[in-house]
Amino acid sequence: MNMNASTPRVEMRGICKAFPGVLALDNVNLTLMPGEVHALLGENGAGKSTLIKILTGASTKDSGEILLEGKPLSFQTTGEAQALGISTVYQEVNLIPAMSVTKNLTLEKTVGRFGMISWRKAREMAREKLRRLKLDIDIEQAVGSYSVAVQQLVAIARALDDDTRVLVLDEPTASLDAQETAALFDIIRDLKSRGIAVVFITHFLDQVYEISDRISVLRNGNLVGTGLAKDITRNELISMMIGRELGEVEATFAAKSNATKGEPVLVAEGLGRKRTLKPFNLTLRAGEAVGLSGLLGSGRTELTKILFGAIRHDSGTLSVGGKSVGRSSPRYSINSGIAFCPEDRKAEGLVGELSIRENIVMSMQAKRGWLSRVPRRDQERLAEEMIKALAIATPNADKPVGQLSGGNQQKVVLARALASQPSILLLDEPTRGIDVGAHAEIITLIRELCQKGLALLVASSELDEIIASSDRVAVLRDREKIGEIEGADINREKIIQMIAGDDGH
Amino acid sequence: MVTERKNIDETWLNRLKGSRAIWPLLALAVILIVDGFISPNFYDIRIVEGRLFGNLIDILYRATPTAIVALGMAVVIGTKGIDLSVGSTIAIAGAIIAWRIHAGDSHFAILLMALGAGIACGVWNGFLVAGLGIQPIIATLILMVSGRGIGMLINLFYGGTDPSFESALLQGLSTGHIWLIPTRIIVGLAIFAALWLVLRKTALGLFIEAVGGNAAASSLAGVNARIIIFVAYIVCGLLAACAGVILTADTHTSDPVSVALYIELDAILAVVIGGGSLAGGRIYLGMTVIGALVIQALTTSILISGLPPEYNLIIKALVVVFVLLLQSKNVRALFSKKAARPSP
Amino acid sequence: MNSKYLPLAATIAVFLALFLIGGSLYRNFLSTLVLGNILADNSFIIIAAIGATFVILSGGIDLSIGSMIGFVGVCMAVLDSLGWHPMATAALMIVFGILFGALQGLIIDFCEIQPFIVTLAGLFLLRGACFMVTLDSVPIHHEFVDVYNSMKIHLPGRGWLRSSAIVMLISLFLGIIIAHFTRFGTNVYAIGGDKESARLMGVNIRKTTVMIYALGGFYSALAGVVYALYTSSGYPLAGSTLELSAIAAVVLGGTLLTGGVGMVAGTLFGGMILGLISTLIIFNGSLNSAWIMISSGILLFAFIVLHRFLVSSFNVKGT
Amino acid sequence: TTIGFSQVGSEGDWRPAFSKNMQDTAKDYDVDLKFADAQGKQEEQLRAVRAFIAQGVDAIIIAPVVVTGWDDVLQEAKDADIPVFLVDRDVEVKDKSLYVTRISADFNLEGRLAGAWLAAASKGTCKIVELQGTTGSAPAIERKKGFEAIISQFPAMEIVATQSGDFTTEGGKKVMEAFIKSTNNLDGICASFAHNDNMQLGAIQAMKEAGLKPGQDVLMVSVDYVPAIKDALAKGEANASVELRSAVGGFIYPVVLDYLKNPHELDKWIVIPSDLHTAKD
Ligand SMILES: Nc1ncnc2c1ncn2[C@@H]1O[C@H](COP(=O)(O)OP(=O)(O)OP(=O)(O)O)[C@@H](O)[C@H]1O
Ligand SMILES: Nc1ncnc2c1ncn2[C@@H]1O[C@H](COP(=O)(O)OP(=O)(O)OP(=O)(O)O)[C@@H](O)[C@H]1O
Ligand SMILES: [Mg+2]
Ligand SMILES: [Mg+2]
């Protein structure tokens, strides 16, 4: 550690920022030393993303000052911040979906002369950047054609510049699995050794302890404290974040459910689609939670989407509640009691301009049809219930969803699925970006629903989540379902073994 | 774990300033006040031929067809679409009225036929946009370029030399009055109320806004985006046909080539002055009507100003820019001497 | 083939198909004369449409094109009658076009007003300004106009590549370079693809927006100059509704109106398809006004459907 | 014989009637008419003429949208040995030999006829409201000029309000409604001059709705003499309309065919007479 370098790389002093109805940051100080990894923690909506947006020129502060190596900074655009060596990966993947990977990686970076671009150099630069992350993809394809995780990696690759002085990572690992996370951490360690200051925001406490030197915690827009990672215990950290102990909830998290398996409610036989997913069999039973595990790009998202009808299957049969489904579609599925949380909340999950309330009632309303509108009072009651149950941080239910913090947006996606009172729930990366406290509560909530007879399918890249929440785990590899494990077999080693493919086939 | 955060006070004045309605209304007021200076008896309202008569009534009266079209446009724009063919729809509806009156059908049936024609235009546009997935501007351009031709063709069915007609029923709807009040204003209000009920008392409005905001997400939430878009174009076609009935009966003649020329621009302008975004996702019915009133007030003031007609467009442009600048936060900040902050 | 070239390839294929169909139906149709005419008669639409391509790629729209063409025309004509050299007025008008476009861009970004409306006001303003300059149509008499119009290249057969077409092809080349080989061009695509992301990735939105509309203004002023020289006159109503043709050319050329996707080269073919549709109808000649309007709609529809069909069937084979 | 005819567009009642007459009478003269509608755009018209040249027609008839901008394309027609005839509006070309002749009415004369009738009817004392055609269009400019040339001879005649009604009924009606309000119910106004009948018909409706008696309280004079204005004249709601003949195929085709058989110098303008009609006709 390089903590004795005298001048801080960045000093933020007395930062305040208000949004209509919310004081997002209230007099927050943050100091970044060269060569340190500084973890920034806090509940959903605590103000982490807002703070780093101010640091990186994406948002303006109401008051306070920022010093870069002792010199006051005043910039209005992210371009200026980039020129000063502040590189950022924002929480919502910020890339241009329709542009190729190459273009995304080299946008506003110098390749060529006199404003002209040398595409040959650009491609070299792009390959070089991806190589550092061990990502091997076709760089001429549009970024939008890749999964969220790959996009996340591309965004990270983009931020890795040679002249970076400060690297800001806002929940970079939210949709990565262990392997990618490890590759990222190798790079971070390398950067650290070159004296670069890194800000790292995450909700995974293990990762905090693995990589960071110092920790700052925000709560409700206030800085609760800053300290060395090695001096703060896990429990202290959690109580700093959520203002109370979590022991009790964590205990539920760990406990295995003992729900009795009910009738099969969804049966897929030989279901599949060419070039997308090999035919698979899968049965979901009432009261049972099934986990879906696999590596990046193994087809978890496709499997859930096929079950939901968002991708049409071209082989096999699907039956829901005993009735066989011919042409499935999201509408049909919703009407037959299936709810689905997509993985990409920005593109597929939310209607950003509509309010929290409207987003929450949408599926339920779609199920009832356009004529029987959910009365306004019921809408409000439902929204309030969901806001409370999922601890969505918002001044009121009429705030446009797009203005919520990332984790809170994710909760709204979940809330919508739950509000439609499904009998089958399909979740794709349901807790992406959700804080520890809420995470545990959500798992508990879903567990309760299971006990009441809900059939659940959870696709997740977080093994712990899968292990904690599922009664049965289906494992995917290379767009093929390769097996299921049940009961006591569900443990890290077994799953990793299957995913990796060295289980003796 | 509900956050107790310091809520920033919203004073009454701040809320008023923040409200969308204030700026277009202010613009309308300014235009009307200026009119008072141009023409001293501008605000006079008398009773002539058994109905209210005066410039203010005229603005309402003339704005009605534009406002009706603009309401339909607002619905389509809400789905992130646009309908350039409203003028053509009006032309077709008008031509059908003149044709069937010449053929001697019952006038009530003719009214239904004209509205049916509007629905048919909407179905066609909806089919192109929602069915074939063609970009709205191009999809509706097809009917825009050919619709007036269809109107002319219909005129040719009965010779095409004298497409004028008389119809007590239709003229009653357009230029008649019920107790002092022009019927078309009542018709306009009825349409407004009906549309408001359909959008806000059923879930249609929510679905349209959801589809306009994020079609992929609303599909996954179970909304049938295609049908919603389809319905939006049908509503727009139907409302355009309503305006077509009023406009055609107004002049007692079918003039497909020039009836309601550029009405699509005025309708879009009304939606935007009313705070609607062409990026879709929101429908403001009341504000759209105010937008239409602003445009008509402007047109009327130009007409009574006595300036030569070559100034019309320049004045219109300057006032439109003025109204829009008024709505812009950054410009207001400039003028209230606060350093303008860049957009967030 | 990279899938992003599909719409362009399909546009070209449909253009060729329509051209061949015309040739089989009408005598004298399949000739370089007709092809040269289509290039020249649509040159100003295509030039303006190139500018519009940038604007549309950035997710915006420019409705002031037609009025700009009219305004440039009347200014050129009136200044000609005051003894100015056409090249001097052309330079002046192009500078004006750039500044006017830049102003529109600034209002769009600074005031956060939608491009549709800002440029609609621009449409009214410039058309009104035409009437201020003159109400009559005014001829341009300078001998430079004759020199300009006599600069043409003989094509094999009876056809000519006229000066307007040459100017158009040069502007097209310039447009392709700007769009695909400069940082500015990439930024245009980025803003159109996702403005918020582009901002976070460091693109200077204000500067780029101003430049985009300035470029649009440049191309529409250039189109106005070409139009004025082509008709050797200025007329206050010239170019009315040309903005719609220009936008249609862009969209037919495969550019998405929502921004971020498309190619400048497609605009050339989009514009030529519009010209081809008109030419086919004129060659037919037996229709009345009503059917002329209807059939241009039908041909437009046919083109779009054929295009979609081609793109999707290519796509199925490609993947 | 194949003749190409490039028409301006199809606005109003008069022009479609003109186009229809040209297309209908073509058969009588054994002409294969290639008809093109430019929808009011000069660029479409240039395209049409070039297409006619490419097709190799025997003669070209143009009803020009604008007077300027014709030198080049007419030269091309001449180079291809195709004679060009103008109908309706005029063109301004450096070399008058580029077209054979113009066969048309005289807009300026129409304006003068209307002005003269009004001067007589009002005995030289009259406050007039004017409904102009589309701003910048040739008929609007010429009719206004002709009309003003006459009334300027009478010190007590003046135009007190003028606006563009775009040649449409709708436009005429809107403008007249505004005039009614801005002049306090046409107080002191003795006449309404409209550049075409459609606008005048709109004005008549507006006046009737405001409780005024068009044709009695106010003199109504306009141009075109379309069927609808005949009714109005008969009912006494309009007073005079200058005829712009639409059935002119019978004037035009003989001149063209005659010239094709036997090319010779013709007068540069063969005027189709304009008559003024009142209720008596
Ligand atoms: N553009 C905006 N308009 C209004 N409120 C906003 C806006 N952006 C953020 N907020 C509010 O500011 C608060 C802080 O949000 P921020 O995104 O910083 O949270 P966060 O700590 O990053 O949370 P998460 O862990 O969920 O990402 C939230 O209450 C959010 O609703
Ligand atoms: N590591 C990778 N290398 C190359 N391509 C990848 C990789 N990961 C994903 N992809 C591509 O991304 C696309 C989407 O993958 P998919 O949605 O099936 O991922 P997934 O199994 O849901 O995983 P996750 O949800 O963790 O992203 C696929 O087309 C796949 O080819
Ligand atoms: Mg955040
Ligand atoms: Mg996935």
Side-chain angles (χ1 to χ4, degrees), chain C residues 26-29 31 33-34 36-38 40-42 44-45 70 73 77 127 130-131 134-141 145-146 149-150 158-159 162 227-228 230-242 245 275 278-293 296, chain D residues 2-11 15-16 19-20 22-24 26 32-57 64-73 75-76 80 91-94 134-138 140-141 144 164:
Chain C
Y26 307 114
R27 150 179 87 92
N28 292 340
F29 189 92
S31 67
L33 182 62
V34 171
N37 282 349
I38 289 178
D41 292 336
N42 291 287
F44 42 90
I45 297 180
R127 187 61 71 193
C130 291
F131 297 142
T134 174
L135 283 179
D136 286 314
S137 65
V138 182
I140 302 177
H141 287 306
V145 177
D146 300 327
N149 282 327
S150 62
R158 292 196 293 152
R162 290 170 212 274
Y227 188 88
Y230 181 65
T231 61
S232 57
S233 65
Y235 172 49
L237 288 176
S240 324
T241 68
L242 242 164
S245 311
S278 296
T279 310
L280 278 172
I281 291 172
I282 295 168
F283 263 74
N284 176 297
S286 64
L287 303 172
N288 60 24
S289 299
W291 276 108
I292 287 177
M293 288 190 204
S296 36
Chain D
T2 308
I3 298 179
F5 172 38
S6 169
Q7 173 64 290
V8 174
S10 40
E11 73 286 353
R15 199 167 291 281
S19 302
K20 189 166 186 304
M22 288 292 282
Q23 285 185 309
D24 290 349
D32 176 15
L33 189 74
K34 296 272 173 197
F35 177 77
D37 180 329
Q39 295 173 26
K41 296 181 201 160
Q42 187 178 20
E43 59 269 20
E44 284 302 318
Q45 202 153 33
L46 293 175
R47 187 202 311 283
V49 175
R50 292 218 161 87
F52 292 149
I53 298 172
Q55 260 175 309
V57 296
V65 176
V66 213
V67 293
T68 53
W70 292 100
D71 297 80
D72 253 27
V73 70
Q75 186 65 50
E76 281 167 37
V91 301
E92 220 177 285
V93 280
K94 285 177 219 162
T134 307
T135 310
S137 68
I141 292 171
K144 186 174 175 60
S164 166

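Quick note: numbers below take in every heavy atom, side chains included, and nothing from hydrogens, waters or symmetry partners. The sequence lines fix the lettering, A, B, ..., with proteins before strands; numbering per chain opens at 1.
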Seminar exercise, completed: Whatever's closer than 4.5 Å to a heavy atom in chain C on D:Leu33 counts as backbone

For this session: Name the region of C:Asp146, side chain, backbone, both or neither, that has any atom closer than 4.5 Å to a heavy atom of chain D.
Result: side chain

For this session: Please tell me if the side chains of C:Ile282 and D:Arg50 come closer than 4.5 Å, counting only heavy atoms from C-beta onward.
Result: no

Exercise. If we only count heavy atoms from C-beta on, is the C:Thr279 to D:Arg47 side-chain gap below 4.5 Å?
Worked result: yes

Problem set entry | Residue C:Leu33 versus chain D: region with a heavy atom under 4.5 Å | side chain

Seminar exercise, completed: With chain D, the option among C:Ala40, C:Pro139, C:Ser232 that has the most non-hydrogen atom pairs under 4.5 Å is C:Pro139

For this session: Measure distances from C:Val138 to the heavy atoms of chain D and classify the residue's part below 4.5 Å as side chain, backbone, both or neither.
Result: backbone

Problem set entry | Smallest separation among heavy atoms of D:Gln23 and C:Leu287, with atom names | NE2-O, 3.1 Å

Exercise. Which atoms form the tightest heavy-atom contact between C:Tyr235 and D:Val65, and what is the distance?
Worked result: OH-O, 4.2 Å

Problem set entry | Region of C:Arg162 in contact with chain D, defined by heavy-atom distances below 4.5 Å | side chain

Exercise. Between C:Tyr227 and D:Glu43, does a side chain to side chain donor-acceptor pair (under 3.5 Å) hold up when you go through it step by step?
Worked result: CA-CA 9 Å; C:Tyr227 188 88; D:Glu43 59 269 20; 2.8 Å; yes

For this session: With the side chain counted from C-beta on, respond yes when D:Gln42 and C:Leu237 share a heavy-atom pair under 4.5 Å apart, and no when they do not.
Result: no

Exercise. Considering only heavy atoms, which portion of C:Asn288 lies under 4.5 Å from any heavy atom of chain D: side chain, backbone, both, or neither?
Worked result: both

Problem set entry | Contact class of D:Thr134 relative to chain C, heavy atoms under 4.5 angstrom | side chain

Exercise. Of the backbone (N, CA, C, O) and the side chain (C-beta and beyond), which part of D:Gln7 lies under 4.5 Å from a heavy atom of chain C, both, or neither?
Worked result: neither

Exercise. Which bit of D:Gln45 is near chain C, if near means a heavy-atom gap under 4.5 Å: side chain, backbone, both or neither?
Worked result: neither

Exercise. At their closest point, which heavy atom of D:Gly56 faces which heavy atom of C:Asn28, and how far apart are they?
Worked result: N-ND2, 4.3 Å

Exercise. Which heavy atom of D:Ala54 sits nearest a heavy atom of C:Asn37, and at what distance?
Worked result: CB-ND2, 4.5 Å

Problem set entry | Largest heavy-atom contact set with chain D, pairs under 4.5 Å, which of C:Gly234, C:Ser289, C:Gly159, C:Ser240 | C:Ser289

For this session: Kindly give the heavy-atom pair with the smallest separation between C:Met293 and D:Ser10, and that separation in Å.
Result: CE-OG, 3.7 Å

Exercise. Quick one: what part of C:Ser137 sits under 4.5 Å from any heavy atom of chain D, side chain, backbone, both or neither?
Worked result: both

Exercise. Is there a donor-acceptor pair under 3.5 Å between the side chain of D:Lys34 and the backbone N or O of C:Ser286?
Worked result: no

Problem set entry | Distance in Å, C:Asn149 CG paired with D:Asp72 CG, rounded so as to fall on 0.5 Å steps | 4.0 Å

Exercise. Which region of D:Gln55, side chain (C-beta onward) or backbone (N, CA, C, O), has a non-hydrogen atom less than 4.5 Å from a non-hydrogen atom of chain C, or is it both or neither?
Worked result: both

Problem set entry | Atom group of C:Leu242 that falls short of 4.5 Å from chain D, counting heavy atoms | side chain

Problem set entry | Nearest heavy atoms of C:Ser278 and D:Glu44, plus distance in Å | OG-OE1, 3.6 Å

Exercise. If you measure from CG on C:Asp41 to CG on D:Leu46, what distance do you get to the nearest 0.5 Å?
Worked result: 7.0 Å

Exercise. Tell me, side chain or backbone of C:Phe283 under 4.5 Å from chain D's heavy atoms, or both, or neither?
Worked result: both

Exercise. For C:Tyr26, is it the side chain, the backbone, both, or neither that has a heavy atom closer than 4.5 Å to a heavy atom of chain D?
Worked result: neither

Exercise. C:Ser233 versus D:Trp70: any side-chain heavy-atom pair under 4.5 Å?
Worked result: no

